[in-house]
Engineer: 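Structure in structure tokens, see below.
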Amino acid sequence: MKRIGVFVCHCGTNIANTVHCDQVAEVAKDFPGVVYSCDYKYMCAEPGQQLIQDAVREHNLDGYVVAACSPRMHEPTFRKCAERAGLNPYMIEQVNIREQCSWVHADKEKGTEKSIDLLRMAVAKARKNEPLSSSTIPVTKRALVIGAGIAGIQTAIDIADNGFQVTLLDREHSIGGRMAQVDKTFPTLDCSACILTPKMVEAAQHPNIEMVTYAEVTAVDGFVGNFDVTIRKKARYVDFDKCTGCGACQEKCPKKVSSEFEMGLGPRKAIYVPFPQAVPNKPVIDAEHCRYLLDGKCGVCKKICPTEAVDYEQKDEVIVERYGSIVVATGFDQFDISKYEEYGAGRYPDVITGLHLERLMNASGPTAGKIKRPSDGKVPEKIVFIKCVGSRDEAKGRPYCSKACCMYVAKHATLIKEKMPQSKSYIFYMDVRTGGKSYEEFYKRTQEQYDGQYIRGRVSKIFQVGDKLIVRGEDSLIGRPVEIEADLVVLAAGMEPRADAVALARTLGISYDQHGWYTEAHPKLQPIETHTAGIYLAGVCQGPKDIPESVAQASAAAVKATGLLSKGELTSEAMIAECNEAVCAGCGLCISVCPYKAIEKKKVSERVHGQMKERVVAVVNPGLCQGCGACTVNCPSSAMNINGFTNEQILAEVDALCQR
Amino acid sequence: MKAFPKAKLQEVLKTLASKGTLYVPALVDETHRYYPYRADIQVSLEQNSAISPKEIFFPSTEKIYNFTAYGIDGDYEEILPDRTACVLFGVRSCDMQAILCMDDVFLTRGYIDEYYATRREGATIVALGCSKAGADCFCSSMGLNPVEHEGADAQLYDLGDYYGIQGRTEKGEKVVEALAVAGLLSESSAEVLVPEEFVLQVDSEGIAEKLQAMFEHSLWDQLWRKCINCGTCTYLCPTCHCFDISEKKKNQHCGVKIKCWDSCMFNEYAMMAGGHNPRPSKKEKVRQRFMHKLRYFPERYGKYQCTGCGRCIAKCPVNLEITDVINQVREAKVNG
Amino acid sequence: MNSLIKEMQALAQELLASGEVKGVFGWTKGSRWYLTPPLFIQKAEDAIKLHYDEFAINNLTSLLLDYRNSDDKIAIFVKGCDSRGILRLIQDKQVNPEKVLVIGLPCPGMVDKEAVKDQRHVHDLPLLRKCQECRYPNPVLADRTLGDVQVTKEPGVPIGITAERAIQKGVGSKGKERYQEVKEIEALSADEKYAFWQKQHEKCLRCYACRNICPACNCRECIFESDKKGWVNKAATTTDNAFFGITRAMHVAGRCVDCGECERVCPAGIPIMKINRKIMQDIDELFGTYDAGTDLEEAGPLNHFKLDDPEEFL
Amino acid sequence: MVKDNATPENLAKATTEEIKRINPLIPMKAKVTKIIEETPDVKTFYISKEENGQMVVPFHTAPGQLAMLSLPGVGEAMFSATDAPDHLQLSIKKVGTLTDELHEIVPGQTVGIRGPYGNGFPMDQIKGKNVLFIAGGIGLAPVRTAVRYCVDHRDDFAKLHLVYGSRSPADLVFQYDLFETWPAVRDFQVSVTVDRGDDNWKGNVGFVPAFLEELKPNPDNTVCIICGPPIMIKFTLGILDKLGFTAENVITTLEMRMKCGIGKCGRCNIGSCYICLDGPVFTLAEMKKMPNEY
């Protein structure tokens with residue numbers, strides 16, 4: 001019979017206030033297998049750990065149970081402590097009598113009773129613990145960055161600078177993302193393109209960066225250190241090796257299409273480069289609009305191309321590449337303002353979003369930087385901004401703050417005043433949030449030097465009279481209705497997760513919140529990691545951020561990814577599935593449910609009634625298995641077990657609970 | 001002979017029940033087996049019980065001792081069987097013969113099984129002669145007289161409207177006396193009803209001897225093919241007496257050692273520690289069962305361990321009939 | 001019927017004589033008029049022993065488990081309900097479809113031999129309840145068929161030479177009412193339900209006939225066989241019996257093919273199908289109608305994870 | 001009445017008062033007083049019971065007899081027992097749940113013990129003859145009971161010869177007997193072999209049957225007592241036959257799954273024999289008459 005020790009921790013007063021720790025330790029002495037039991041103020045502290053190690057040696061313990069805080073917190077501590085005492089680290093159990101007893105119960109007697117029950121279960125389990133060991137798996141020293149906005153670009157450059165190969169992938173044909181659409185950045189009013197373009201070029205030219213644009217991730221297999229990523233490269237119909245980017249095709253293409261990059265405010269052709277600074281700066285054919293591809297007529301671009309780079313026969317290409325780590329930097333979509341019918345969004349062309357305004361202000365935009373109304377091209381004089389559209393609005397399912405809007409609205413008001421000194425900006429707001437370096441000062445300037453008129457209140461309705469937009473709302477500070485005859489209304493549309501964010505999360509096996517933002521492993525202490533080892537987050541895909549925050553997180557993700565890649569090999573989980581071949585019936589149900597493709601079939605020979613017979617059994621690849629347990633619950637013969645959580649151990653716990 | 005009218009059966013049973021526990025075949029929740037008599041119980045003497053009366057002497061689960069174990073200290077506390085006397089009413093010849101088989105096993109050859117012995121000594125068996133052969137009965141083929149069995153303490157005969165009764169032992173006489181005292185008995189000269197010819201018949205003569213040379217016979221290669229290795233035949237059999245000893249924990253420190261029915265049809269039955277199984281497949285298990293009934297038991301105790309009650313035939317999920325096995329053994333060619 | 005039996009015998013004779021199969025599972029005429037028990041033959045000349053009639057109730061498919069690692073090809077006769085068992089065994093990889101030749105038969109509807117009144121003389125017997133509630137009277141899978149029967153995965157009415165008679169007798173007529181018994185128990189109070197099942201489990205002998213006849217119970221080692229793990233005790237107490245009964249039912253959840261053999265073979269008369277049907281009904285309600293053992297390609301709802309699986313408990 | 005009729009000749013042979021216990025299935029409470037680690041997977045347990053403050057042998061066993069050892073809450077199993085003045089010695093190999101647990105216990109542990117069971121070796125009939133002992137692995141445990149008897153009654157027997165083999169030098173059980181006690185006994189040849197040697201092993205390397213063939217023991221006036229793994233027995237019997245040993249003079253002890261030990265539970269039968277009552281010791285001649293199911 002295994003000799004088990006029990007160590008009950010007071011956690012200062014955290015546990016001791018609601019649990020009679022001494023009593024728990026005393027009762028535990030009677031549990032079968034327990035040969036030593038004691039309590040102590042701080043088991044995790046140096047003297048506490050020493051106490052455990054001494055007891056292991058003195059009482060010749062085969063394993064022990066620590067009743068303390070959450071194993072998430074200190075299981076590694078006590079495992080290491082076991083190792084120092086000469087035990088296999090998996091011979092110990094930690095039972096959480098803090099979060100599960102003292103912190104949730106007020107009644108000390110009941111808290112004690114529950115602690116005893118939990119401890120009895122843990123002792124029963126510990127008696128069935130077996131030494132476990134981990135194996136090592138090699139790491140593929142290559143990273144994948146999904147999304148090549150500013151966050152993705154920064155991550156890729158940082159990883160590449162650290163000497164690792166990195167693939168920078170984007171589904172658009174140019175890298176740059178949302179930041180490329182932005183005219184100027186707050187609070188410094190730098191030209192966005194001026195600071196972004198060098199980064200884009202650096203990424204494109206970096207020897208360690210492979211750029212894969214116009215491509216999507218369709219499947220991710222494998223596990224940390226060795227992800228097998230299936231990438232679908234969409235057909236461009238232009239051979240980039242031959243194309244010189246001369247632009248002749250674009251010029252001659254007869255098909256005009258509304259430009260996505262310009263937010264529909266300007267045209268592009270069916271063969272096009274989305275914006276002048278695009279990287280790669282070579283055109284692709286939009287198969288949905290190309291006349292040749294649609295009905296075989298036209299073919300002008302092919303005829304005109306001096307290098308015969310146009311290739312209508314090109315097909316999508318699917319490749320599978322292996323990466324050690326993945327950084328997700330897929331950014332955001334802008335909230336669809338047409339959901340605000342009361343603002344006439346979608347109906348009135350002069351009710352636009354902040355991103356529209358960015359394009360209208362941009363020198364290379366559809367209006368060459370002149371702010372003109374989309375409806376009639378007139379220069380607006382009275383401009384109304386409405387904040388918190390599609391953010392902080394429970395009714396629209398967007399209760400969160402989009403964080404960047406307060407500042408970009410201030411920026412817009414400032415820039416408009418600079419461009420058109422005769423104009424007047426009215427800004428309807430709920431609160432003004434300027435938490436950021438030099439942000440508050442910028443906002444003050446907008447008000448004081450740039451004549452931005454901030455009105456605290458909600459707009460209830462916008463309607464058109466003549467060529468004016470009547471903005472009707474309430475100034476809640478003075479408690480009076482307001483009505484403004486505006487020429488242009490700019491809605492500060494919030495950020496929302498990409499429409500396909502959930503689908504990608506499922507492909508990657510990472511978690512997401514109720515809105516679709518990807519969930520970090522810990523909101524405070526692990527804001528970069530996901531719950532899936534080896535996959536990290538950068539930028540807005542995790543939640544609304546402005547540019548400096550995205551860049552900071554991008555660099556952090558790069559460090560995480562590089563840290564992983566710099567290890568030669570990873571230690572695999574010790575608590576992984578194992579198949580009892582004697583019992584395994586070879587039905588293969590485990591194989592079909594394993595999310596890590598860690599289970600395979602194998603043939604075994606055995607002597608049955610004097611004859612050698614072959615049969616099929618399941619075998620777990622310890623490198624791939626993550627110990628999720630899907631196979632164990634699906635195994636009809638209970639041949640699959642998670643080491644450290646075997647069916648027997650769990651039954652022993654249930655038994656112990658029932659035998660109080 | 002002395003007799004009581006069938007109409008007065010309830011009074012007879014009440015009288016006997018007043019002396020001690022009285023077991024009667026009855027239908028409760030659609031199950032026909034022996035139950036302690038109660039006035040509201042549906043006594044059924046029309047046909048033999050579906051579950052044999054062996055469980056009265058040899059319950060399917062029986063406690064032997066309690067144990068405690070605290071650390072390295074432990075203790076054992078014997079649990080002795082209940083010594084109260086009882087009467088078994090309506091036991092058929094086949095089941096009476098089966099009890100004699102069990103007597104051989106549990107009361108002879110070196111050791112006496114205290115549990116069986118205590119219950120057996122305290123019991124008075126009132127047998128009931130059959131006037132009708134059940135669908136699966138073949139006791140006459142196994143050398144029994146369906147109408148009476150000399151091993152019983154008292155014998156009931158079907159006289160049509162009456163049951164005749166005769167005491168055979170001191171215990172049996174006491175039963176008759178008790179009924180007489182209660183004024184329930186009268187004299188009857190009616191003929192004892194006997195069953196018409198059995199539908200199932202088999203010639204069992206000399207089978208035990210023939211089987212001695214048939215352990216390796218090819219017959220066994222075929223018999224097991226439809227068997228599903230369930231324990232129905234052995235658990236319903238009035239003579240199957242194999243048991244296992246295991247334990248049931250009450251809590252982490254104490255538990256009870258139990259003796260419970262086991263079946264040679266089960267895989268784990270002959271499995272040894274370390275995994276060797278001398279009877280690894282259905283073939284060996286099926287052979288063991290029939291060999292035990294028809295050869296080993298006769299060799300050891302001088303009688304067949306099958307009494308023709310037909311329960312295994314009635315309930316075998318695949319109709320593997322012992323009568324058919326006997327026929328096949330009879331017809332089998334044996335070399336040399 | 002006679003011509004069908006002749007066809008069966010001829011086919012078995014041919015299969016064995018040609019060496020295509022090494023054995024044939026079928027039925028034979030038993031020792032009494034109301035018995036048609038299983039038969040396994042290996043010689044062509046034994047084919048004449050094959051028989052088929054309304055007493056061929058036995059689902060033979062679990063017997064194939066004895067040949068699961070065998071190199072020999074075995075032929076097996078199946079009725080509609082039996083064929084679902086084969087399909088399940090193939091899905092569980094316990095039977096190699098290359099090593100089994102499934103011969104589908106039209107089912108005349110099986111009768112209830114419990115209703116025999118005179119074992120000496122042939123008389124009419126009522127149709128089994130399970131046959132009245134039958135949803136798949138035709139084989140869902142067969143390599144060969146006899147007697148005009150067609151292989152179809154669709155629930156429906158009997159097809160084949162005996163179809164008319166079978167339909168007349170009421171085969172499948174109560175298919176829609178198969179959860180009736182479940183509803184009756186569901187209508188009871190919790191205490192009444194408990195009392196009902198306690199009473200049933202009290203009767204259990206732990207003979208394991210229900211387990212051993214079941215084509216879904218195909219583990220190599222049953223936890224009820226090895227008390228090593230201490231999960232269950234050998235003691236036949238009501239508690240241990242209930243533990244067995246419920247575990248068995250949950251173990252075949254989503255894999256039970258509704259053949260009713262467990263209930264038929266129970267020597268204690270426990271209405272096992274009531275609990276199997278309850279689980280079937282629950283699966284139907286939670287995951288959409290699912291009939292185990294009807295589609296080779298579809299893993300049962302309890303054997304895979306789908307993104308839209310109900311998960312109210314999370 | 002029933003009891004009186006049931007007194008058989010076996011009961012008359014009973015060697016201790018324990019056998020007449022009212023309830024033969026109840027173990028007597030005993031203690032493990034000493035544990036010897038024979039090999040990595042074999043331990044010898046010394047078992048005594050307390051009587052008037054003294055530790056005494058729970059019951060005496062004849063060579064080849066068995067005792068049922070139980071660990072409360074785990075289970076019970078039958079082992080061959082070696083008799084000593086104040087204790088029984090049970091040498092137990094780790095093969096399953098119970099034996100795994102037994103290997104974890106420490107001296108002082110309460111255990112249950114009942115017995116003795118089985119017929120034992122027919123030492124009286126061997127008197128005056130040469131005895132050849134052949135054992136493999138843990139099979140030496142039952143053979144040792146006979147060896148000890150012969151050594152204790154040295155003058156009753158002619159020449160003694162033990163041929164013993166194990167998988168490796170580390171797996172040799174009772175090394176103190178093999179290399180110290182027994183070689184010192186008069187006219188006692190001890191021949192040890194291992195399947196695979198190691199750096200320190202200077203003895204014979206090879207399987208028992210081959211070793212035996214090399215040793216060529218003389219079958220004249222010799223009885224052979226053999227026990228070991230089935231495969232060893234199978235090949236050794238062939239060699240013994242070749243050497244001229246008759247089936248009547250080859251004695252072995254059979255293992256079956258015994259549960260009750262008293263001939264009731266029905267589990268240990270081979271044909272109409274119950275190992276726990278009629279065995280476990282049989283001559284090869286007797287075994288040839290039994291069904292081949294062991």
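Chain naming here is simple, since letters A, B, ... match the order of the sequence lines and numbering starts at 1 in each.
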Engineer: Determine the minimum heavy-atom distance between C:Q119 and B:A133, stating which atoms define it.
Structural biologist: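 Smallest heavy-atom distance, with atoms named: NE2-O, 3.8 Å.
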
Engineer: Of the listed residues (C:P38, C:A268, C:G23), which shares the most heavy-atom pairs with chain B below a 4.5 Å separation?
Structural biologist: C:P38

Engineer: Output the option from C:E202, C:E261, C:Q200, C:R206 having the highest count of non-hydrogen pairs under 4.5 Å with chain B.
Structural biologist: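 Highest number of pairs under 4.5 Å: C:R206.
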
Engineer: Is a salt bridge present between C:D66 and B:R225, judged by a nitrogen-to-oxygen distance below 4.0 Å?
Structural biologist: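 A salt bridge is absent here (no side-chain N lies under 4.0 Å from a carboxylate O).
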
Engineer: Where on C:I213 is there a heavy atom nearer than 4.5 Å to chain B: the side chain, the backbone, both, or neither?
Structural biologist: both

Engineer: Look only at the side chain of C:K203 and the backbone of B:D29, and say whether a donor-acceptor pair between them is shorter than 3.5 Å.
Structural biologist: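 The answer is yes, because a donor-acceptor pair under 3.5 Å joins these two groups.
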
Engineer: Does B:E46 CD have over 12 foreign heavy atoms under 6.0 Å away?
Structural biologist: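 Open.
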
Engineer: Under a 4.5 Å heavy-atom cutoff, which of B:I51, B:V28, B:D136, B:L236 has the most pairs with chain C?
Structural biologist: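 Result: the option with the highest number of such pairs is B:D136.
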
Engineer: For C:E45, does the CD atom have more than 12 heavy-atom neighbours from other residues, nucleotides or ligands under 6.0 Å away?
Structural biologist: yes

Engineer: How far apart are the closest heavy atoms of C:P37 and B:K226, and which atoms are they?
Structural biologist: CB-NZ, 3.9 Å

Engineer: Which distance, rounded to the nearest 0.5 Å, do you find between the CG of C:L35 and the CD1 of B:I313?
Structural biologist: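 Taking CG in C:L35 and CD1 in B:I313, the distance rounds to 10.0 Å.
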
Engineer: What part of C:A235 lies closer than 4.5 angstrom to a heavy atom of chain B: side chain, backbone, both or neither?
Structural biologist: both

Engineer: If you define the side chain from C-beta out and look only at heavy atoms, does anything of B:S60 sit under 4.5 Å from C:L205?
Structural biologist: no

Engineer: Which answer fits B:C230, side chain, backbone, both or neither, if we ask what part of it has an atom under 4.5 Å from a heavy atom of chain C?
Structural biologist: both

Engineer: Count the heavy-atom pairs under 4.5 Å between each of B:T31, B:D324, B:T323 and chain C, then report the option with the highest count.
Structural biologist: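 The residue among B:T31, B:D324, B:T323 with the greatest pair count is B:T31.
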
Engineer: Under a 4.5 Å heavy-atom cut-off, does chain B meet the side chain of C:Q42, its backbone, both or neither?
Structural biologist: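 Just the side chain, heavy atoms under 4.5 Å.
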
Engineer: With rounding to the nearest 0.5 Å, note down the distance linking SG in C:C207 to CD1 in B:I228.
Structural biologist: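 Going from the SG atom of C:C207 to the CD1 atom of B:I228 covers 8.0 Å.
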
Engineer: Do any N or O atoms from the side chain of C:R32 and from the backbone of B:A135 form a donor-acceptor pair under 3.5 angstrom?
Structural biologist: yes

Engineer: Which atoms of B:L320 are under 4.5 Å from chain C, going by heavy atoms: the side chain, the backbone, both sets, or neither?
Structural biologist: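 B:L320 has no heavy atom closer than 4.5 Å to chain C.
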
Engineer: Is B:A50 close to chain C through its backbone or its side chain, or both, or neither, when contacts mean heavy atoms under 4.5 Å?
Structural biologist: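 Neither; nothing under 4.5 Å.
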
Engineer: A quick test of your reading: do over 12 heavy atoms of other residues, nucleotides or ligands sit less than 6.0 Å from CD1 of C:I48?
Structural biologist: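 Counting other residues, nucleotides and ligands, CD1 of C:I48 stays at 12 neighbours or fewer.
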
Engineer: Which atom names give the shortest non-hydrogen contact between B:C260 and C:K234, and what distance separates them?
Structural biologist: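 Residues B:C260 and C:K234, closest heavy atoms: SG-CB, 3.4 Å.
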
Engineer: With a 4.5 angstrom heavy-atom cut-off, could you sort out which part of C:Y34 is near chain B: side chain, backbone, both or neither?
Structural biologist: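 C:Y34 touches chain B through side-chain heavy atoms alone.
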
Engineer: Tell me, side chain or backbone of B:E62 under 4.5 Å from chain C's heavy atoms, or both, or neither?
Structural biologist: neither

Engineer: Please identify, among B:C227, B:G231, B:C316, the residue contributing the most non-hydrogen atom pairs under 4.5 Å to chain C.
Structural biologist: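 Ranked by heavy-atom pairs under 4.5 Å with chain C, first place is B:G231.
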
Engineer: Of the backbone (N, CA, C, O) and the side chain (C-beta and beyond), which part of C:D118 lies under 4.5 Å from a heavy atom of chain B, both, or neither?
Structural biologist: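 Neither the backbone nor the side chain of C:D118 comes within 4.5 Å of chain B.
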
Engineer: Below 4.5 Å from any heavy atom of chain C, which atoms of B:C233 appear? Answer side chain, backbone, both or neither.
Structural biologist: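 Contact with chain C involves no heavy atom of B:C233 at all.
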
Engineer: I'd like to know whether CD of B:E30 has more than 12 heavy-atom contacts from other residues, nucleotides or ligands below 6.0 angstrom.
Structural biologist: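 Counting other residues, nucleotides and ligands, CD of B:E30 stays at 12 neighbours or fewer.
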
Engineer: Can you see which heavy atom on C:V265 is nearest to which on B:P317, and at what distance?
Structural biologist: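 Looking at all heavy atoms of both residues, the closest pair is CG1-CB, 3.3 Å.
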
Engineer: In terms of heavy-atom pairs under 4.5 Å with chain C, which of B:Q222, B:H32, B:K249, B:R311 leads?
Structural biologist: B:Q222

Engineer: Relative to each other, are the rings of C:Y208 and B:F266 parallel, tilted or perpendicular (30° and 60° limits)?
Structural biologist: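 Correct class here is tilted.
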
Engineer: Quick check for you: among C:R211, C:R264, C:K199, which has the greatest number of heavy-atom pairs under 4.5 Å with chain B?
Structural biologist: C:K199

Engineer: Pick one of side chain, backbone, both or neither for B:D262, based on which atoms fall under 4.5 Å of a heavy atom in chain C.
Structural biologist: side chain

Engineer: Quick one: closest heavy-atom pair of B:L200 and C:S31, and the distance?
Structural biologist: CD2-OG, 4.4 Å

Engineer: What is the minimum heavy-atom distance between B:K248 and C:N233, and which atoms define it?
Structural biologist: CA-ND2, 3.5 Å

Engineer: Taking everything shown except C:K99 itself, do over 12 heavy atoms lie less than 6.0 Å from its NZ?
Structural biologist: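 Result for NZ/C:K99: enclosed.
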
Engineer: At a heavy-atom distance under 4.5 Å, which candidate from B:T232, B:T234, B:N229 has the highest pair count against chain C?
Structural biologist: B:T232

Engineer: Within a reach of under 6.0 Å around NZ of C:K193, are more than 12 heavy atoms found that belong to other residues, nucleotides or ligands?
Structural biologist: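 Counting other residues, nucleotides and ligands, NZ of C:K193 exceeds 12 neighbours.
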
Engineer: Near C:D124 CG, under 6.0 Å, is it more than 12 heavy atoms from other residues, nucleotides or ligands?
Structural biologist: no

Engineer: Under 6.0 Å from the NZ atom of C:K43, do we count more than 12 heavy atoms belonging to anything else shown?
Structural biologist: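 Check fails, neighbour count at 12 or below.
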
